[in-house]
Structures are given as C-alpha cells and as structure tokens.
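To find a chain, count down the sequence lines: A is the first, B the second, and so on, and within it residues start at 1.
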Amino acid sequence: MAYEFDWSSIPGALPILWDGMAVSLEITLIAIVVGIVWGTLLAMMRLSSIKPLSLFAAGYVNLFRAVPLVMVLLWFFLIVPRFIADLFGLPPNTDLRLASAMIGFALFESAYYSEIIRAGIQSVPKGQMAACQALGMTYGQAMRLVILPQAFRNMVPLLLTQAIILFQDTSLVYVSALADFFGSAYKVGDRDGRLVEMLLFAGLVYFILCFAASMLVKHLQKKYQPA
Amino acid sequence: MIQISHVSKNYGTFDVLKDCSTTVSKGEVIVVCGPSGSGKSTLIKCVNGLEPFQSGEIIVNGTSVGDPKTNLSKLRAHVGMVFQNFELFPHMSITQNLAIAQVKVLGRKQDEAVDKGLKLLDRVGLKAHAHKFPGQLSGGQQQRVAIARALAMDPICMLFDEPTSALDPEMVNEVLDVMTELAQEGMTMMCVTHEMGFAKRVANRVIFMDHGRIVEDDSKEAFFANPRSERAQQFLAKILHH
C-alpha cells in the first residue's frame, strides 16, 4: 500500500515553526555580522607582514576549514556553556544553547568569510595602497577609506552567497536539540507522527527562501556590475 | 631638497640599484630616463619611501627617508607623487578624490579642502568634471586629476613615475602641458619619463640609468648634445628621430 500523505498537522504547527525560523534567522544574522567583522580582521592579519599575526590567522582559517561544522557545534555545545556559566557566575542549569550555537557558528563562518575577504582585498590593485601612502595616509586609513570599500564592493555577491549557505547550515544546530526551524519541524513531525510531511514542508520552505535569495543576488550582481 | 647618496637595493642576488647618488635642488626639474628595468622607477619610489633600500641614504628636506625613526606618512604628505596608472580612487567622485587626503591627513576642513581641490581642478582644465567618477574620464583627464590631487597637499616637491606611459598618444600632451606649467612655476620635480621633448623643454638636468646605475647625470644641454656613455648614445639614437 502506498504512503498516504496527510498535511493536516501543518497549519497548527505554523506558530512553532515560525519561532523556529526566528531562531534560525537570529543565528544566521549574528554569524554573518561577527563573521564579516572577525573575518575582515583575520584577512588583514593574514595579509600582514607581521609574521605571528599572519601565522595565527592562517592557522585559525585552516583549522576551522578542515573540521566539519557539526563537530565544531558539538564542541561548543559541550564546552562553551560551562565556560560562560563559570565566567559570569550563572547557575549551572542556565540554557546557553543558543549563545553557544551563535558563538560556534560565528567563529566557524569567520574562517570562510576571511578567505572571501582576503581575495577581495587582493583584488584591489596594489597601486591603490601606494597612492594612499604617497598621499601620507597611514596603513589603517588606506585600508578603511580606500582598500576595504573597494574590496567589499567586489565581494558583495560572494558574501551574500556565503550567507545563504550559512542559513542552510544553521539546520545543523539540531545536534544541540535547539529548536531552530529544522529542529522545530522535526519535533512537531515526530510528535504528530507526520515526520515525512513535516520534513518535506520544511525542505520546501528552505528551498523557496534560498532560491529567492540567490535570485536576488544574481539580480543585484547584474545591476551593480562595474561597467 | 633631495639628496640621494650611495643608495643600493637588491632583491636577493639581483641588484636593482647600485650605488646611486645625485641631488635635486629647490626649483630644479630632473628627468630620469633609461631602458626598462634600469631601476629608474625604483629610484624615484625610494625618495618617498614607497620602496625600501638596503644601503645608502636619502635626505628629503632635511629628513632621512631610510631612518626607521622617520615618520614616513608625515614626510609623504608633502612629497607629491603621480603614478603611471593614475591610481585615482574609483569609488569616490573627483571632488572626493581631491579632498580626502587633505581632510584625513592634513586635517583641513571638508569645505576648505573641496575649495582647494576645485581650484586646482580648474587649473588642470577639468572643473566641469568635479562631480564625475574616475571611470567616466579619459586617461589623460584622470592623470591631470591625479596631478591636482597631489598638488592639493601643497607638496614641497613632486615625483612623476612615467606619468604618460599608460596614455593614448593623443592624450600625452595635455598631461605634459600641465607638467610644463608646473615646472615653469618653479616646482621641484623629479620625473621618470621617456618624453625627450619634455626633457628638452623644461628639464634642468637629465639622469640616465642603466642596470641599476646612474650612468649619466648632466645638464640637459650636455646630455642631448653629446652623451658621454655609449649606452646613453644608443638609447638616444633609438628613441629620438622617430
């Protein structure tokens, strides 16, 4: 006998799923912001002529890029809550899963962002830095006023694409039993005995959001392509 | 103004500059020429510390460039430089290009800096283009903006690194005209260029380099009338009479 689909449990689950989506988006947003800021610093360290800095950044990036994200999330899930609880003197049963997931994501994604940003910085002609220096700007001023603005403009499509990947990757926080969108869908489906429908529905939502976002990126790319 | 004494530079075993010495006095216009790879661009970039050198000394207006204690940014703020590829900032309007270093480096007020920039833009004949972006200008126009940008810093001297080499032939003269005018106003200038017409017109002295050495350093009259070295004779024979 063929499987009989029953979608009736979905409407009732929407509020829970919506809360889950809020968690997913929150993690994505924090990871993007921290990832870009910390990733920029890492990229500048990596390109710096100061050996210890560039070695540190290279080590960091290579470490995080050579380890599966799920594992990083589990480490952070197991270690960070205790660390934070100790640091701030919080009671041991405080729920820090969201915080540790955010930290894990942010640190992991920084490694990927830093590689994109490094390529972006290197895409700016060397003469631009020379021109800044010849005008008397310091290295910091040159980076801030001239090099990074151009680098980021070249990188926008790649940064957005990485953000879409990041959003999909947030589903991995289910390992810490955190109720993100995917986790919520799984829980509700399991509860109602309608796991297949729920996961198909969740998949469709991910697809629509990510496909729409990547169309938007393509559109922006066309619109702002340097003539 | 600029004293270069016994400057040498190498990349590993390859000598880029070998024991180069010369001086540029206030108001003098020096043209540096020579075949490609002779080290002329490197020499001029050593003057404002864009290229480090291993030995010798360069003194610009009383400040030693190679001294690690020297604040290079401070020195460079008053040494104008014009590059082969213009190096205007493509994400800023022409006005912003002219004003930014005045504001951020010299601490001038924004409107004061814009005023000064626009005056200089007018001087290089491009006032109508103030609101445009570098990508909308021709190469010759961009280079004139780059000269105005350098002048906006009130430089004590100007360095030109092959300012017309990347230009279409028909745009060379508009840039050389601006440079000639500058020279006639008494600006101290050191120009790496192949434009021998410019050298003949405005240079006080010509420096000829080959394989990292200064082979000739003579008044332009002496250089063009009878270059002493065989290499310079060959060079002149090849690039003149065309």
Mind telling me whether A:F181 and A:Y206 have parallel, tilted or perpendicular rings, with 30° and 60° as the class edges? perpendicular
Side chain / backbone / both / neither for A:Q133 at chain B, heavy atoms under 4.5 Å: both
Go through the atoms of B:L88 and report whether side chain, backbone, both or neither lie under 4.5 Å from a heavy atom of chain A. backbone
Determine whether B:Q143 and B:E174 satisfy the following criterion, side-chain hydrogen bond (donor to acceptor under 3.5 Å, both in side chains), listing intermediate values before the conclusion. CA-CA 9 Å; B:Q143 193 62 298; B:E174 60 187 79; over 6 Å; no
Least distance between heavy atoms, A:L145 atom then A:P149 atom: O-CG, 3.4 Å
Residues from residues 116-130 of chain A approaching chain B under 4.5 Å (heavy atoms): A:G127, A:Q128, A:A130
Do you know the tightest heavy-atom contact between B:E87 and B:R149? O-NH2, 2.8 Å
For atom OH of A:Y186, decide whether the heavy atoms of other residues, nucleotides or ligands shown that lie under 6.0 angstrom number more than 12. no
N/O donor to acceptor pairs below 3.5 angstrom from side-chain atoms of residues 37-44 of chain B, sequence neighbours left out:
unit_1	atom_1	unit_2	atom_2	d
B:S38	OG	B:P35	O	2.7
B:K40	NZ	B:G34	O	3.3
B:K40	NZ	B:P35	O	3.4
B:S41	OG	B:D161	OD1	2.6

Counting only heavy atoms not in A:F211, do more than 12 sit closer than 6.0 Å to its CZ atom? no
Which atom names give the shortest non-hydrogen contact between B:M81 and A:A134, and what distance separates them? CB-CB, 3.9 Å
Heavy-atom cut-off 4.5 Å, strictly under: side chain, backbone, both or neither for B:N85 against chain A? neither
B:F83 portion near chain A, given a 4.5 angstrom heavy-atom threshold: side chain
Ranking A:Q150, A:Q141, A:R153 by heavy-atom pairs under 4.5 Å to chain B gives rank one to A:Q150
Looking only at heavy atoms, which two atoms of A:S48 and A:I50 are closest? And how far apart? OG-N, 2.8 Å
Once the angle between the rings of A:F108 and A:F64 is folded into 0 to 90°, is it parallel (under 30°), tilted (30 to 60°) or perpendicular (over 60°)? perpendicular
Under a 4.5 Å heavy-atom criterion, the part of residues 97-110 of chain B in contact with chain A comprises B:I100, B:A101, B:K104, B:V105
Do we get A:R97 above A:F77's six-membered ring, with its NZ or CZ under 6.0 Å from the centre and within 45° of the axis? no
Can you sort out the partners of B:E170 under salt bridge (charged side-chain N to carboxylate O under 4.0 Å, His left out), two or more places apart, ordered by chain and number? none
